[in-house]
Structures are given as C-alpha cells and as structure tokens.
Enquirer: 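Pasting a structure here, questions to come.
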Number of protein chains: 4
Amino acid sequence: MKMNNSKVDSLLTGGESGELTDKQKRIVEAAIEMFSEKGFAASSTSEIAKRAGVAEGTIFRHYKTKKELLLAIVTPVMGNLVAPFIVKDLEKVLEKDYEFYEEFLEAMVRNRQAFIQKHLSIVRILVQEIPFHEELRGQFIEHVAKDLYARFANIVSHFQEKDELVQMPPSSVVRLTISSILGFFLARYIFLPEHEWNEEEEIEMTIQFIMNGVKAR
Amino acid sequence: MKMNNSKVDSLLTGGESGELTDKQKRIVEAAIEMFSEKGFAASSTSEIAKRAGVAEGTIFRHYKTKKELLLAIVTPVMGNLVAPFIVKDLEKVLEKDYEFYEEFLEAMVRNRQAFIQKHLSIVRILVQEIPFHEELRGQFIEHVAKDLYARFANIVSHFQEKDELVQMPPSSVVRLTISSILGFFLARYIFLPEHEWNEEEEIEMTIQFIMNGVKAR
Amino acid sequence: MKMNNSKVDSLLTGGESGELTDKQKRIVEAAIEMFSEKGFAASSTSEIAKRAGVAEGTIFRHYKTKKELLLAIVTPVMGNLVAPFIVKDLEKVLEKDYEFYEEFLEAMVRNRQAFIQKHLSIVRILVQEIPFHEELRGQFIEHVAKDLYARFANIVSHFQEKDELVQMPPSSVVRLTISSILGFFLARYIFLPEHEWNEEEEIEMTIQFIMNGVKAR
Amino acid sequence: MKMNNSKVDSLLTGGESGELTDKQKRIVEAAIEMFSEKGFAASSTSEIAKRAGVAEGTIFRHYKTKKELLLAIVTPVMGNLVAPFIVKDLEKVLEKDYEFYEEFLEAMVRNRQAFIQKHLSIVRILVQEIPFHEELRGQFIEHVAKDLYARFANIVSHFQEKDELVQMPPSSVVRLTISSILGFFLARYIFLPEHEWNEEEEIEMTIQFIMNGVKAR
DNA sequence: TATGAATGAGAGTTCATTCAT
DNA sequence: TATGAATGAACTCTCATTCAT
C-alpha cells in the first residue's frame, strides 16, 4: 500500500498542507492518473477506488459526487496557473525587476513551463475537460481571459511607454504572445508529448520569434 | 422529423454523395452534435438515436460499435484537414502561383479557416478525442506530423532558396508558423468560441507577426 | 456460393426430394451446423443467414419463427430414428428373418449406427434440445418411449417364447438392451466424440455383453 | 422473500459453509433453477435476479460474468461427482472392504445415485452444457475420462487378479460397466424423469446384468 | 472515518421478426 | 420469391451513488 505523502502537494489543499488524509491523497492521485489517461467521463469511480486502494464508498465520503472530485483537482491548479505570475511577477515588472520585455517573457515562460511540467497531468485534464463543464469554462474565463489578460495588457503598456514594443493595441500583443507560447506548450505537452523535443532551443526560438513580431522598430 | 439531406456532405461518404441513406445521415448528424457538445464518452447511443429519430438498433446496423461511428465521422475530416493543401497548393506554390511566402500563408490560412468553419463540430471532436484514442493519434501523427510537416518544410526551403525567408532550420520555421496559426485557431474556435473576435484583423496580424519572425533580413 | 444439393437429403422434405429450394437447403444446412455447434438458443438467425448466404428475411419467408426452423430440422429425424426399424425390421423379425436375438441385435445396432452417423449433427441437436422443448419431448415420448418400446417388447416376447431369452419382464430386457446401446452411442457420438474409438470391437463387445445378460440359461 | 439458507450446501462454497452471503445463495439457487429448466443460453440474468429477489447488478458484483456464475455452480459438482468415489472407495476396495466386484458395484451405484439425486438440477445443467463450453469439456475429460477411468481400471484389474472377473481388457470392463450405469442414470434422471420408475428393482437388475457380462466363467 | 454490499438506472449491443421494395 | 433496412425489446454488464455496519 502506497504511503505517498508528497506527490499531491499543498496546491490541492488550498495552501495548508496536512489537510488531506493519506487516503484522500491516494484518491486524488488515482483520479488524476485516470482522468488524464482516459478522460473524466470514461473514468469510473470504482477503478479510481481500486487504484487508490480504498473502498468505493470512501471516495464519496470525501467528495459528494464524481464531478466534485474533478473540480477539487482542477480548480486550484487553474487558479495557480495564472496566480503567481499575476501576484509576484507583475510587481517585479512594475518595480523594474525586468528592464526588457524579452527578459520578462523569458522569466515568465520558464516559470510557467516549470509549473506545467510539475502539474502536467492536471493541466492536461483541465485542457481536456474545459469544453464540457460550464463551471470550468466559467472559472477559466474569469481567471485567464479576464484577470491574466488585463494584467498582461498592463505590462505590455508599460513596455510600450518605454518604447520597447511596437505601437499595436496591447490586447493584440498579448494575444500574439500568448498564442505563440500556448501553441508551443500545447504541441509540446498535450498533442505531441511523445515527439523528441529540443526544449531549450524551441523556447529560445519562440521568444525570439515573438520579439521580432512585437518589438519597436 | 428532419429531412436534412445536405448538412452531411460528401466528405463523409468518401466523395460520392448519395452513399448514405437518409437515416444514416441523421444518425451521423446527431452524433456529431452530441459528441462535440458532451464528448464521445459522455454521449449515449440511445440519445443519439432519439435525436436522429431512429431506433437505437439502427445505429448498430450501420456502425458495428459506437467507436466505429466516431471514426467514421472523424477520419475523413482528418484526411481532408491537410489533404487539399498538400495536393493542390503544394503544386501551386512550387509552380510559382505564389511569389511570396506571405501570399502563400495568406491563401493557406484562409483556405484552412474556411474548412474548419465548415466542419467546426467535427474538428472540435477531433481535437477533443485525439488524446484518448490510439487510432486517432496514429492517423494524426501520420497525416499531420509527418505528411504535412515534410511538405511544408519543402515549401519553406523553396522560399529560403529565393532568399525570402531567414536562414533558420526549415522545421523551426514550420513549427513557429504552424503553432502561431494553430494557437489562433484553437483560441478562436475551440477554447474561446464565444469571445467576440475581429477575425479579419486577427488573421492579418497573425500573418504579419509570423512574417516579422521569419522573413529574411 | 455453395451449390450443395445433396447434403440435405429427402429426410427433411418428408420424402419427396426437390421440395426444398436451393436457398432453403442452404438455410437448413447452416442452421444444422450452428444449432449443433452452439445450441439452439445461442444461435442467431442473422448468423445462420450469413452462413447460408441468404438475407435474414429469407429465413422467415420459409419458417415463420426460429423455433419452426428447429422443428423442421429435428422432427423428421426423430421420426426416422425409430420408424424404419419399426416398420421393416419388425416384420423381418416376426417373419423369422432373424433366427436369434443376437442376430437381430447386431442388425439393429449397425443399422441405427449408420443412421446416427449420417445424421449426426441433427441427432446431436435432438439430444441437446429435448429437455427444453415440450413439443420435442412429446414427440420423443410418443415415438420412442411408447412406439418403439412396445414393439421392441413384442420382439423380446417372441424370442422368449422361443426360449432364447431369460424369463425376465420384457420391458426390463428392453430397458437393459437399449440403455447399453444408448450408453455406447451417447459416449461415442455425443459426449466423447473426440476419443479414439475402436468401433467394431466396442460394438461386438457391447452385444456380447447384452447377450450375456439376457440369454436364457 | 425466500429465506432459504440450507438448499445450497457446502459443495458450492468449497467446503466451509457460511462463505456465501444470503443474497449470493439466493442468486445461485435461482440460477440453478433457471439453467436447468431453460438452459444456460436461454436464461436471462434479469430473470435470475427477479427470482432471487435481488437487483440485477448484485449478480455481477459476485460473478463477473454470467458464464462465471455457471462455472461457479457446475465446477464443484463436477469435481465431487467422482472425487469421493476416487478417494474413499478406492482405498476401501484395495483394503478389501469389498470382497466382490458386485459388492463394490452396489455400493458405488447407490452412493452415486444419492449424490445425483441430491444435486440433480446441477447434474442436469452439467450434462446439458458440456457440449457448449470448452472449459467444462476440459474439466470433464480430465476428471472423468482420465482420473476416474484410470482408477476404475485399477480396481477392475484387482478383481481380475482375484479371478472374479472375465479376462477382458480392463478398459472394456470399465466402459461396459459405466455405460450401463450411465445409461440407467441418464434415462432415469435426465431424459425420462417423469416416467414411473421402480428404482430398487432397476438398479438390482442393472447390476445383475453387468455381472453377467463381466464375471469370470 | 471507512467499508463494500447493494442498488437500479442506463450503458452498448444483439436479437427475432417485420415489411416496403 | 428474396431482400436487407428498420425496429424496439431484451440482452449482459457497468455505473455513480447509498447506507447499514
């Protein structure tokens, strides 16, 4: 019987570790495994229970429904997908920790890559299930489309004022930047994860590519 | 009872229309609707039958299993997603129908956008189900990752020889081009379809953005 | 497409050959194959149709129900299982074609063995389905348990009067004789058909065995 | 609702009674009833559930498939059909508990008759389903055709050495003995159970009959 | 708190039978 | 006469969820 008490980290507990019992952790881990392998709808609670080494009933003691289990897994990651960036980096940027957009981009991409890598399975679940669950779509739009977008636009404005970036609507710069990065992340981690990637080089190229498209001339 | 005999076009019949009976068409349409709304696993054959206005058994007379129905819907689109581009446009490009990479890009993006728009639901299904079905992943890799990639790289080489494009490995130019375009398409049609998009402008910008990143200096 | 026009012989037509169309014959053959392999309940009309190379509907044009098809196959054989014996041999016996019980036994066993061998599949179906179909049980009891039994007992009486057989109730002589022979046939053709049998020897021994048990002392 | 907690005895539990829950017992009983009445293929799990007074799902909680239910019922009886005879009686015979073959025959027949009578329905299922299930045929051949046959032949040799039995190949003595007994049992319990039988007398006669056929002269 | 037997609705699939062609 | 698309009931089996222990 697994005694894993580190794989599911504080992310899922809302910050204070130790809130999840050992069995709860095993349930969450098993669910993450299955959801990301076969999708939410095709995963059965009975197999999750089996993989977690708990009784079927135990799952429902902790999560009223199967869907609640999904949300418990996916919601905190969705928040953190953008949260740290927003909080920390935004300040850093405005406090001139980053003198150039490229520097900021570099830091952000690497930071988000690390995050995605660490929570790969959950991010995969998130991407796969968003189209089918209103709640997820709602959260996603609020956090990403609004929050992140707005703050990111601020940052872009900041660098435009410093004449580093081309005078294009900030929203467009953001869109282009994000979709280039997202394009890479999706290809790298979701659609073609088995392909052999030269990550370092690809990232560098992607950033250069973006810079060529948005730097002031 | 619907009498739709045009929505499911020749794509699904392998070219010659009229191969699908009226009921078969209704089954396919209902399935496309449901699969793209709720996902394959969460769609039940009984509801597909109900929506199609046929008996449940009728579905299985035409498609041995639910999965075969999925493949019958998705496979031809997967082929056509890249096929026309490959066959027609490749020749056009090499026969100098397009003098500039930008011209070619423009034509290709618009052509593929039209295709995606026309078969939006099916493309959505494709994107959503690829991670869960080996057959689909296999087809996708063969068609897109290999076929399209290789031919696209040829085109890029062609324009590099004409000194229009930067001297970067063709595969990287391809990757960057595709992931920018894909990034847009995914955002536009899959992840944020409800957002109000100024398509014309976004496409133009995306192309400009790509050109900035890849044109010879 | 099979053009078999000899395998299903006149037995199934009620005597006059040519009554069954080519398709009908193929249906009957396919049904015999399947019923004896998988049993009546586990055989589907659709597979019978496939094996016969006809449309599903065609079966029901000739036989109103699946059960009627079973009866059409099994009934004539059931009749003939005992009929010829009764008619011809009974007379022969009484007209002293057979001077000794052993002679009669020998002739009967060989004759019935030939019959069973020729119609093995159908006999197998008969044995397997009798417990589940009242009609069959009814026919069987009437033909075998009554008809054959009664006539057989007459024959035994005949030989008892000639002092060839022990003075035991004729019904018991019949029962012992039949169950010894049946025991052999069941083992040989139904339960252990794959076992390597030395038929000639076994039959001889079985008859000797019976004779030892029933001959006058 | 039946509260039968004795009909399904320790045979099905592997020896230790109390291993089957009340519902499990009811399922097994209902299944035995139905299988022996209508045959395995023609019995539906939904009707078994109804007769057992449980939900259909409950059946599949205890037996993964319908076939597993069949095997769970039939396998232990198949083993016990020959096992006790082999173990106990063999020793008894060789340790001269039985001085004469006839004595041994008598004991064996009565003992097996009691067993068949007690487990009649299951034996009926066994006989009916053997032709359609490889597993059963395999078990049957191993247990009966090999095990029992070999040991029985030993016993016959034993009595042949004592000059009680005719000098015929032991395998033939066994075959004749068994098929006479089997012929009686099949007629008595499987094919013509409704006929009025004078059991005592029939058995006695059968044994006499066998003895006449096999005793030394 | 944790269990796992039990549930019954509903899953995908097969079936014997019908009927318009 | 023969077809095979169509049916819908019934099939075996799985599911998320409940609840007595």
Side-chain angles (χ1 to χ4, degrees), chain A residues 21-24 26-27 40-50 52-69, chain B residues 21-24 26-27 40-50 52-69, chain C residues 21-24 26-27 40-50 52-69, chain D residues 21-24 26-27 40-50 52-69:
Chain A
T21 66
D22 179 54
K23 300 214 166 184
Q24 215 167 342
R26 269 152 46 201
I27 290 169
F40 173 74
S43 302
S44 76
T45 49
S46 92
E47 205 191 332
I48 293 171
K50 211 180 292 163
V54 304
E56 284 196 63
T58 308
I59 293 177
F60 292 91
R61 194 141 285 285
H62 293 288
Y63 306 94
K64 267 202 290 292
T65 64
K66 189 185 163 195
K67 186 155 193 174
E68 198 178 86
L69 173 57
Chain B
T21 66
D22 179 55
K23 300 220 163 178
Q24 215 168 339
R26 270 152 47 202
I27 289 168
F40 174 75
S43 302
S44 78
T45 49
S46 93
E47 205 190 332
I48 292 172
K50 215 176 288 163
V54 303
E56 205 171 351
T58 307
I59 293 177
F60 292 92
R61 180 153 283 281
H62 293 290
Y63 305 94
K64 270 199 287 291
T65 62
K66 187 186 164 195
K67 186 155 193 174
E68 197 180 87
L69 174 57
Chain C
T21 67
D22 179 55
K23 300 216 164 181
Q24 214 168 341
R26 269 150 50 201
I27 289 169
F40 173 75
S43 301
S44 75
T45 50
S46 92
E47 205 191 332
I48 292 171
K50 211 179 291 161
V54 303
E56 284 195 64
T58 307
I59 293 177
F60 292 90
R61 193 143 285 284
H62 294 288
Y63 306 94
K64 268 203 290 291
T65 64
K66 188 186 164 195
K67 186 155 194 174
E68 197 178 88
L69 173 57
Chain D
T21 66
D22 180 54
K23 301 219 164 180
Q24 215 167 341
R26 271 153 46 202
I27 290 168
F40 173 75
S43 303
S44 78
T45 49
S46 93
E47 204 191 332
I48 293 172
K50 214 177 289 164
V54 304
E56 204 170 351
T58 307
I59 292 177
F60 292 93
R61 181 152 283 281
H62 294 290
Y63 306 94
K64 271 200 285 292
T65 62
K66 188 186 163 195
K67 186 156 193 172
E68 197 179 88
L69 173 57

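Predicted model only: the values in this text are computed from it and were never measured. Residue numbers start from 1 in every chain, and the chains themselves are labelled A, B, ... in the order their sequence lines are given, proteins ahead of strands.
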Enquirer: Specify the closest pair of heavy atoms between A41(D) and A41(C), including all atoms of both residues, with the distance to one decimal.
Expert: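 That closest heavy-atom pairing would be CB-CB, 3.7 Å.
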Enquirer: Please convert DNA chain E into dot-bracket. A pair counts if it is Watson-Crick or G-U wobble with both distances under 3.5 Å; crossing pairs go in [ ] and bases paired with another strand get |.
Expert: .||||||||||||||||||||
Enquirer: NA contact type, T58(A), heavy-atom cut-off 4.0 Å: base, sugar-phosphate, or nothing?
Expert: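 Base, at least one base atom sits under 4.0 Å.
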Enquirer: If you compare all heavy atoms of K67(C) against all heavy atoms of F40(C), which two are closest, and at what distance to 0.1 Å?
Expert: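 Nearest heavy atoms, K67(C) then F40(C): CA-CZ, 3.8 Å.
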Enquirer: What integer distance in Å separates I27(A):CD1 from dA2(E):C1'?
Expert: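 Spelled out: CD1 on I27(A) to C1' on dA2(E) is 10 Å.
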Enquirer: I need the CD1-C1' distance between I59(B) and dT7(F), as an integer number of Å.
Expert: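 In whole Å, dT7(F) C1' lies 13 Å from I59(B) CD1.
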Enquirer: Here's a test of your reading of the structure: between S43(A) and V54(B), which maps to the more 5' nucleotide of DNA chain F?
Expert: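 So the residue in question is V54(B).
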Enquirer: Roughly how many Å is it from NZ in K23(C) to C1' in dG4(F), rounded to a whole number?
Expert: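 In whole Å, dG4(F) C1' and K23(C) NZ are 12 Å from each other.
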Enquirer: Is there a side-chain contact between S44(D) and the phosphate of dC11(F), meaning an N or O under 4.0 Å from OP1 or OP2?
Expert: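 For dC11(F), OP1 or OP2 has a side-chain N or O of S44(D) closer than 4.0 Å.
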Enquirer: So, does H62(C) get its side chain near the phosphate of dT1(F), meaning an N or O under 4.0 Å from OP1 or OP2?
Expert: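 Looking at the OP1 and OP2 atoms of dT1(F), neither is under 4.0 Å from any side-chain N or O of H62(C).
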Enquirer: Find the distance D22(B):CG to dG4(F):P and express it as a whole number of Å.
Expert: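 Atom-to-atom, D22(B) to dG4(F), this comes out as 20 Å.
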Enquirer: Could you check how far CD of E47(D) sits from P of dC13(F), rounded to whole Å?
Expert: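 To the nearest whole Å, that distance equals 17 Å.
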Enquirer: Taking OH from Y63(B) and P from dT14(E), how many angstroms apart are they, rounded to a whole number?
Expert: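 That distance rounds to 16 Å.
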Enquirer: Produce the list of close N/O pairs, under 3.5 Å, pairing protein atoms with atoms of nucleotides 17-21 of chain E; give distances to one decimal.
Expert:
from	atom 1	to	atom 2	distance (Å)
dT17(E)	OP2	K66(C)	N	2.8
dT17(E)	O4	E56(C)	OE1	3.3

Enquirer: Whole angstroms only, please: what is the NZ-C1' distance between K50(A) and dA16(F)?
Expert: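 From K50(A) NZ to dA16(F) C1': 15 Å.
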Enquirer: Report all side-chain donor-acceptor pairs from residues 54-62 of chain B shorter than 3.5 Å, counting only partners two or more places apart or in another chain.
Expert:
from	atom 1	to	atom 2	distance (Å)
E56(B)	OE2	T45(B)	OG1	2.9
E56(B)	OE2	S46(B)	N	3.2
T58(B)	OG1	A55(B)	O	3.3
R61(B)	NH2	E56(C)	OE2	3.3
H62(B)	ND1	Q24(B)	OE1	3.4

Enquirer: Could you tell me how far apart F40(B) (CZ) and dA11(E) (P) are, to the nearest whole angstrom?
Expert: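 Atom CZ in F40(B) sits about 13 Å away from atom P in dA11(E).
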Enquirer: Taking all atoms of both residues into account, what is the closest heavy-atom pair of K64(C) and E68(C), and its distance?
Expert: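 Smallest interatomic distance, heavy atoms only, reads N-OE1, 2.9 Å.
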